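Structure first, commentary second.
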Amino acid sequence: MRRIFSGIQPSGELHIGNYLGAVQNWVRLQTEYDSLFCVVDLHAITQDYDPKSLSSLTLDMAVSLYAAGLDPDKCIVFVQSHVAEHTELNWLLTSVTPLGELERQTQFKDKAQRQESILAGLLAYPVLQAADVLLYKASLVPVGEDQVQHLELMREIARRWNARYGEAYFPEPQPLLTRTKRVLGLDGKAKMSKSLGNTIGLFESPEAIWEKLRPAATDPARVTRKDPGTPEICNLYTLHQGFSPPATVEEVADKCRTAGWGCLDCKRKLADHMIATLAPMRERAAALKRDPAGVMARLRAGADKARNLARRTIADVRDRMGFLKAGED
Ligand code: SF4
């Protein structure tokens, strides 16, 4: 079985954008690949963050992943900082990473523009991403299109390390592009994001889901009930594709184009399917939240499994890079 690795920032509970954009796919992949999924808390500190909330946000993200369907019997779920080998390999890989390549990363340039003081960690972020994946010698990385450039750099780092220290030791990871479209926020403008307040949380009540969907932006050409619309430009249609069965998605497209339904009818259908999909996740999340010790035990077991794999890689890497073994005479 080929191995995959993917990470998610500890942003607290998942929203439907995170779910459709990544985690729904992970749940499917966990049975097809030897899978590691990681809450990447070490990445979270490369930007301004609140140390008082980091641990609770990390735990909430872990609860979300389990509730969304990641099964510790089928995949490894763990917290990045619980496996210290990530930081060790990160440092070792900086010795083969060209500074110019890091400075050219689009995400770095975008984020750096918005910050008064730029931290070295923000620049070196892709090296830690490379360490995350190479530590487990994963050959595939499920990513969105915006991460493809980082993956190219990851391959470059693997190639340079292999050329210097051990031909073909690290596989060059390939992207496994997610099928789901980018989900916009309920305003229909920006990417769905908690900081913009345009999300629906994965565990929100049916009433709250409907309250948020009812005023959500649709095709602006549908001014009145009789105006036909274009589903492809409506974010609610994208959400139907994520939550509704194929027959409903077809019906939505038809009723939208022919003005057979009003947008409110369409939203009610979407709410029904979304509520039905999310109900079991909400129940699982509630049970997990009642048992934080159980969640921690799962995370510890996940970290133990990940560490076992990581230690083997680190031992090989140290050996090939020529470090003196601890305890040698
Ligand atoms: Fe969007 Fe549905 Fe309205 Fe069409 S009918 S514009 S898909 S909400």
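Just so it is clear, the structure is predicted and the values come from calculations on it, not from any experiment. Each residue takes its place number in the sequence, starting with 1. As the structure lists them, so they are numbered: ligands from 1, and atoms in each ligand from 1.
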Below 4.0 angstrom from a heavy atom of Cys256, which ligand 1 atoms are there? Numbered from 1 as shown, please. 4 (Fe), 5 (S), 6 (S), 7 (S)

Atoms in ligand 1 flagged as close to Asp219, the criterion being non-hydrogen separation under 4.0 Å: 6 (S)

Regarding Thr224 and Asp227, do their side chains bring together a donor and an acceptor under 3.5 Å, going by distance alone? yes

Go through the side-chain N and O atoms of Asp71 and Gln30 and say whether any donor and acceptor fall under 3.5 Å apart. no

From Cys234, does some N, O or S atom reach closer than 2.8 Å to atom 4 (Fe) of ligand 1? no

How far is atom 3 (Fe) of ligand 1 from the closest protein heavy atom, and which atom is that? Cys263 SG, 2.3 Å

Pi-cation contact, Tyr136 with Arg3 (under 6.0 Å, within 45°): no

Looking at ligand 1, would Arg222 count as a contact under a 4.0 Å heavy-atom criterion? yes

Provide, to 0.1 Å, the distance between atom 2 (Fe) of ligand 1 and the closest protein heavy atom, together with that atom's residue and name. Cys266 SG, 2.4 Å

If you compare all heavy atoms of Asp60 against all heavy atoms of Glu13, which two are closest, and at what distance to 0.1 Å? CB-N, 4.0 Å

From Asp316 CG over to Tyr165 OH, what is the distance, rounded to the nearest 0.5 angstrom? 15.0 Å

Please state which part of Thr218 comes within less than 4.0 Å of ligand 1, counting heavy atoms only: side chain, backbone, both or neither. side chain

Would you say Asn25 and Arg28 are linked by a side-chain donor-acceptor pair, where the criterion is simply a distance under 3.5 Å? yes

